[in-house]
Each structure stands twice: as C-alpha cells, then as structure tokens.
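Let me begin by presenting the structure, written as structure tokens, before commenting on it.
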Amino acid sequence: MLVRMAAPDVDYVLERPRNPEHGDLATNVAMQLAPHLKRKPREIAQELVDAFEFPESFVSNVEIAGPGFINFKFGSHALLDVLVNICELGCDYGRADVGKGKSVNVEFVSANPTGPLHVGHGRGAALGDAVASLLEAMGHDVTREFYVNDAGLQVERLGLSLWARIQQLRGGEAEVPEGGYHGEYLIELAKRVIEHEGSEFADLPQEVGVGRCREIAVEDQRKEQTKDLADFRVKFDCVFSERELYAGDEITASLEALNKRGLTYESDGALWLRTSEWGDTKDRVLRKSDGTFTYFLPDIAYHRNKAGRHFDRAIDVWGADHHGYISRMRAALKGLGLEDSFFDVILVQLVKVMRDGSEVKFSKRTGDFVTLRALFEETGVDAARYFFLTRRGDAQFVFDVDLAKKQSDENPVYYVQYAHTRMAGIFRKAEVDPTQLDLEGADLSLLTEEDERALMKHLGLYPEMLVKAADTLEPYRVTIYLDELARLVNGWYHRHRVIGSPADLERARMILARAAQIVLSNGLNLLGVTAPERM
RNA sequence: GCGCCCUUAGCUCAACUGGAUAGAGUAUCUGACUUCGGAUCAGGCGGUUGGGGGUUCGAAUCCCUCAGGGCGCACCA
C-alpha cells in the first residue's frame, strides 16, 4: 500500500523463494523502488521493515538479504492452519470461485468421423479434459464439446470407401477412391452392413447406396470414438454437428453478418474476408469461385454459434499443424464484434510414436497408425493420461510405446499414486477412519521436523498452483506439483513413523498424512487419474 | 523466401513469467529397513542454459544476430 502511494508504477513481486534459506516469502520491492527513489535498495528495505509490525504467530522473522530482498519466515500458525483447512475442506480443497457465473466452452478432440482415434487425439483428449476440469475447479460453468465435421468432402469419401468395400465383398471391381480410407475397419463394417441389410444392399443404385454408406459409416465411427473416449474417461456434454449449422441456416446467416459489416469483397469470382485488417497476414477466401464454401466459413459460423449460446469464453484445442489458422479465426471473430478474450486456442503438437527404437509413421489413409485404444489398453488409462499431461502441450512429444508399456516405476504416475497408497496404508493399518480425525484435539505444533515443515508448506501451495494452471491453461503444472509433493511425502514417510510415535505426536502426524492424502487425491482426480488405496 | 513455436545435465523435462548457488526424474556409481508397502529413501557423477552481441542492480527468461529442429504460408480439409 505504501509502495503504491510512493510509486504506483513500480512492478514488484511477492514470491516463494526457491532456496529455503531465503524464508517462506520474499519481495524484491526495495530493489524495484531504488531507481525511482535514487537510493540504495538495502536502505529502503530497512525503512520498510521498520515501518511494519508483524504478529509473531504469523511472521516469525523478517530479514534483509542479498542486494535488497526482504525475506519473511512464517510463524507456526500460518502453516498449521493449512492442515486444518485441508482436512475440513477435503475434496473441495483447492477449489475457488473466481470463475463463478462465467460459462466456458472447451472444445477438443473433434476428430473427423472417418476412422479410429489415434494417439494424437489422446493427447488432445487428456489435455482438453484436464483444462476443463481446471476451469471447473475455479468455479466456471464448463461445457465439454466435441465438434463433428460430418458435412464435408471427407465424409463423402468415407461413404465412397465403404461402398467400394461392400462391392468388393460381393466380388465387384470397385476400388477405394483416391483420397479415400483404406483401413481394415471399413472392411469389417462392410461385412456387418451386408449381414444386417442383406446382400441386396449392394445392388442399390450407386447414389442411394453411397448416401446410406455415408450415414452408416459416420454413425459407426462416432460410436467407436465415443466408446474409446469413454474408456479413456473422457465424457462430452455436447456433441455438435456441422450439419446443424447448415440445417439452421447459420452458414448463410454468418455470411450475411460479415457482409453487413462490410468485411467482405469479391475478387476473381471469389468472396474474400478482410482478415488482414485484424492481424492476419492476408485476406482469406470464404466462397470459392465455383460457388462452394471453404472450410473457413462453417468454422466461423460454428464459433459465432458458441457466442450465441451465451458462452463467455470459447477454448479450442487444436493440433499444432493448424496454428496458421489461429490468426484468421481470431480476425474473423473480432470482425464479428467479439472480444479478444472470448477465443483461445491451445495448441497440441502432434505425437510421434516410437516402437522398437524407430518412429512409427502413421497415416489414416493407409490404415497404418497407432490407435488410442491400443495405447491405453497396453499402458493403462492412468499412465497414458498422466504421460500426456506431464509435457507442455506446445512441446514436441515422442511417445515411446515400449517404455510406456513397461508397467514399472519408469512411469511417473506410479510414483505419485504410490505416495497416496502409503498414506491410505497408514489408516488401514491403524484402523482409523481418516475422515473422523479429531482436528481440535490434536497438537499440531508437535510437527517440528524440517521435512514436515517443507511438506506443510507445499500442501499450502496447492490452491495458488491451481489458479496459475487454470490461468495459463497448462495442466502440466499440476503434474509437476504432484511429483514434487510425492517426493516430499515419500521422504517424510521414510524418515518418520506415524504409527508407534508418542500418542500426541501420532495424532498430529495422522493429520499431516491425511492432508497429504487429500491433496494427492484431489490433484490426481483433477487430471482424470485414479488415486488408489492399494496398488 | 516470409511468419509462428522450439533448442537447458548422456536422455525426458522444470525453473513460480526479470531474482539470490539453474533443479527433478532417468541412466550410471555408492550407501540405507528386524516397524505404517523397497513401486521407497540418502548421497556421488553430470551444465559456457545452441553460438555471439546488447538492455540493468540482476538474463535460461526481454531485444538484435547467426546456427539447428518442427509447423504453417491454398479458391484443401
């Protein structure tokens, strides 16, 4: 407050120092102030410290260090309160209400309904789901949405491909078309179609048959994808079909809206959108000279539709190969009068798959690829999800199948889960109900060991870590936090006994163990990973 | 050719968005339980943060430049 009055534009931070010798909280305010006041940082720091009085139980020590840092050390109360707080809140510990009243649409995976989901979709699924959960934890009203491109050229080719397979089964000469889908799964589907519809299905007029094939194939693939995702523990609140946009005339309505605002023009027989006026590198075509729309227009209409559904925010998870698309979409939405903050994209780098030490090339067209289902059936859902989330989305990611298949301690998720089962094991062994611990009757000030202090400090950091992860849309922060927490928990567990300590110390440590268990469990659950009692 | 992202220990990644001695895991080496689960713990080895310049009290972080990698740059989806 004083600082603000002296120099309102000074940018200082209050942070948790990396080095424990620098206390629990530190500020660089004196150094930031120095150039403004033209005085030595340490002098300013001393003056600031003298000007304040701190209650002993919350701040036990203040010192000036280095070039002018002011370091605070917490009193016992601040830390011990954290434990009580965690145990009382339970699974609500870490939740906040900063996003209360705001609705967010998180759209992810959105795979074309033309084939099975592959590992790249898995990464998007894990990430999108975790981001959605993070925002929920912040109190947002979150809708998980899946967009189905069921109106374009790709599904047309899908229909043709299935039709060709059916003809082949009947001994016909048909070929899977150029750019069609060659995967085994369509042959299987073709067999089922003949079984269900009878062999005369193949004798339908080409046009009718292909149309039916398209319907059947899309429905079948949607069903498969939904099942894969459900088994991967990802559930969507809303599946949005591209056809709905056409059916509701939203495509033409969007076009008119853009026209009305004077954002379009005709050139070379095509209709262009002036995206370059909003930060794109060039203008983009909405309607080709042959009269058909580019894919850009339905995408605009779709996002306009999201705004129309009164979402305050739309977050898309995209493959990194679409990153060139961001600026034009942002430009289009800006042109429609939407706030910058409405639209965000999380980019996910495509996943490279290594097997037997070499890269597996995969292509949906040729049917040679690693499916998401194959992956999580080998590694387990917990390991696969956690694995995907330990990396930042925009970093390249090599998924070593052989390594992930090893159900060993090389999978980082086991380390965290193991810490949780150990805490659970304490209560199981002591035959104590962890939800019925006596918080008032315990003397927490007995928790004086250095690693107990460190553990409590880290437990107290959980809520602000969540805020940051939600703010930056970066779930990997949670995995890093959990890994660190598990390290502290395992170290503490190894060095100090809970059961068998003097009765009052045992009571206090039970509460610490309970708090650790709660935070481990909350963090894992947030990521869609189980927190097992036993392993 | 232009634009965006990336380059940190042998390998996989951190570093609280400009802070104090750049940290974990893994690999490798050495140690540790007669007890709550050893899927653990403690320690050693390992670094010119891709190179060079700049900005300031202070740079892995910001700016310029060079090198290497990825992805975009369609009247494709």
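All chains are named by letter (A, B, ...) in the order of the sequence lines, taking the proteins before the strands, and each is independently numbered beginning at 1.
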Let's see if you can work this out: which of [options] has an atom nearest to the side-chain heavy atoms of [X]?
{"X": "A:Y493", "options": "B:C36, B:G72, B:A39", "answer": "B:C36"}
{"X": "A:I499", "options": "B:A77, B:C36, B:G37", "answer": "B:C36"}
{"X": "A:D321", "options": "B:U40, B:U35, B:C71", "answer": "B:C71"}
{"X": "A:A26", "options": "B:U17, B:A20, B:U40", "answer": "B:A20"}
{"X": "A:Y418", "options": "B:A77, B:G72, B:G37", "answer": "B:G37"}
{"X": "A:M535", "options": "B:U35, B:A77, B:A39", "answer": "B:A39"}

Just call it for [X]: base, sugar-phosphate, or nothing, with non-hydrogen atoms closer than 4.0 Å on any strand.
{"X": "A:R487", "value": "sugar-phosphate"}
{"X": "A:N149", "value": "nothing"}
{"X": "A:G425", "value": "sugar-phosphate"}
{"X": "A:R477", "value": "base"}
{"X": "A:T294", "value": "sugar-phosphate"}
{"X": "A:M465", "value": "nothing"}
{"X": "A:A270", "value": "base"}
{"X": "A:T472", "value": "base"}

Exercise: identify the closest heavy-atom pair between [X] and [Y]:
{"X": "A:A383", "Y": "A:V413", "result": "CA-CG1, 3.7 Å"}
{"X": "A:V131", "Y": "A:P475", "result": "CG2-CG, 3.7 Å"}
{"X": "A:Y414", "Y": "A:T379", "result": "OH-O, 4.4 Å"}

Exercise for review: Would you check if A:F69 stacks with the base of B:A20, given a 5.5 Å centroid limit and a 30° plane limit, both strict?
Suggested key: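 Yes; centroid distance and tilt both under limits.
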**Q.** Under 5.5 Å and under 30°: A:H322 stacked on B:A77
**A.**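 Yes; by the centre-distance and plane-angle rule, A:H322 counts as stacking on B:A77.
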Does the structure show a Watson-Crick or G-U wobble partner for [N], both distances under 3.5 Å? Name it, or say none.
{"N": "B:U56", "answer": "none"}
{"N": "B:U12", "answer": "B:A24"}
{"N": "B:G72", "answer": "B:C2"}
{"N": "B:A39", "answer": "none"}

Quiz item: A:N71 side-chain donor-acceptor pair to B:A20 base, under 3.5 Å: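 Indeed there is one.
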- Query: With a 3.5 Å cut-off and just heavy-atom distances, do the side chain of A:H323 and the base of B:C5 make a donor-acceptor pair?
  - Reply: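 Side chain to base: no pair present.
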In plain terms, say whether [X] and [Y] are close enough for a salt bridge, that is, a side-chain N and a carboxylate O under 4.0 Å apart.
{"X": "A:E474", "Y": "A:K468", "answer": "no"}
{"X": "A:E450", "Y": "A:R453", "answer": "no"}
{"X": "A:K306", "Y": "A:E107", "answer": "yes"}

If I take atom [atom1] in residue [X] and atom [atom2] in nucleotide [N], what distance separates them, rounded to the nearest angstrom?
{"X": "A:K282", "N": "B:G1", "atom1": "NZ", "atom2": "P", "answer": "20 Å"}
{"X": "A:H494", "N": "B:G37", "atom1": "NE2", "atom2": "C1'", "answer": "11 Å"}
{"X": "A:H496", "N": "B:A32", "atom1": "NE2", "atom2": "C1'", "answer": "15 Å"}
{"X": "A:D451", "N": "B:A42", "atom1": "CG", "atom2": "P", "answer": "9 Å"}
{"X": "A:R328", "N": "B:A77", "atom1": "CZ", "atom2": "P", "answer": "11 Å"}
{"X": "A:L485", "N": "B:A14", "atom1": "CG", "atom2": "C1'", "answer": "16 Å"}
{"X": "A:H458", "N": "B:A15", "atom1": "NE2", "atom2": "C1'", "answer": "13 Å"}
{"X": "A:N112", "N": "B:A77", "atom1": "CG", "atom2": "C1'", "answer": "7 Å"}

Distance check, [atom1] atoms only: [N] and [M], in whole angstrom units.
{"N": "B:A9", "M": "B:G47", "atom1": "P", "result": "10 Å"}
{"N": "B:A22", "M": "B:C45", "atom1": "P", "result": "15 Å"}
{"N": "B:A15", "M": "B:G52", "atom1": "C1'", "result": "25 Å"}
{"N": "B:A60", "M": "B:U8", "atom1": "C1'", "result": "7 Å"}
{"N": "B:A74", "M": "B:G69", "atom1": "C1'", "result": "25 Å"}
{"N": "B:G68", "M": "B:G51", "atom1": "C1'", "result": "11 Å"}
{"N": "B:U49", "M": "B:A59", "atom1": "C1'", "result": "11 Å"}
{"N": "B:U12", "M": "B:G18", "atom1": "C1'", "result": "27 Å"}

Among A:L485, A:V478, A:T479, which residue satisfies the side-chain contact (heavy atoms from CB on, under 4.5 Å) criterion with A:Y481?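 Running side-chain contact (heavy atoms from CB on, under 4.5 Å) over A:L485, A:V478, A:T479 with A:Y481 returns exactly one hit, A:L485.
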It should be established whether [X] places a side-chain nitrogen or oxygen under 4.0 Å from OP1 or OP2 of nucleotide [N].
{"X": "A:R284", "N": "B:A74", "value": "no"}
{"X": "A:R422", "N": "B:G38", "value": "yes"}
{"X": "A:Y415", "N": "B:C41", "value": "yes"}
{"X": "A:Y476", "N": "B:A15", "value": "yes"}

Residue mapping more 5' on RNA chain B - nearest nucleotide basis, A:D483 or A:S267: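 Closest to the 5' end, via its nearest nucleotide, is A:D483.
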(message) I want to confirm an ordering. Mapping A:I426 and A:E484 to their closest nucleotides on RNA chain B, which one lands closer to the 5' end?
(response)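 Between the two, 5'-proximity favours A:E484.
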Between A:N305 and A:E250, is a side-chain hydrogen bond (donor to acceptor under 3.5 Å, both in side chains) present by the stated rule, with each step listed? CA-CA 8 Å; A:N305 173 287; A:E250 295 192 52; 3.0 Å; yes
Problem - Anti versus syn assignment for B:U65, with syn defined as within 90° of 0 - result: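 Here the answer is anti: the torsion falls beyond 90° from 0.
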Notebook entry, point to check: Parallel under 30°, tilted from 30 to 60°, perpendicular over 60°: which one fits the rings of A:Y302 and A:Y147?
Noted result: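 A:Y302 and A:Y147: parallel rings.
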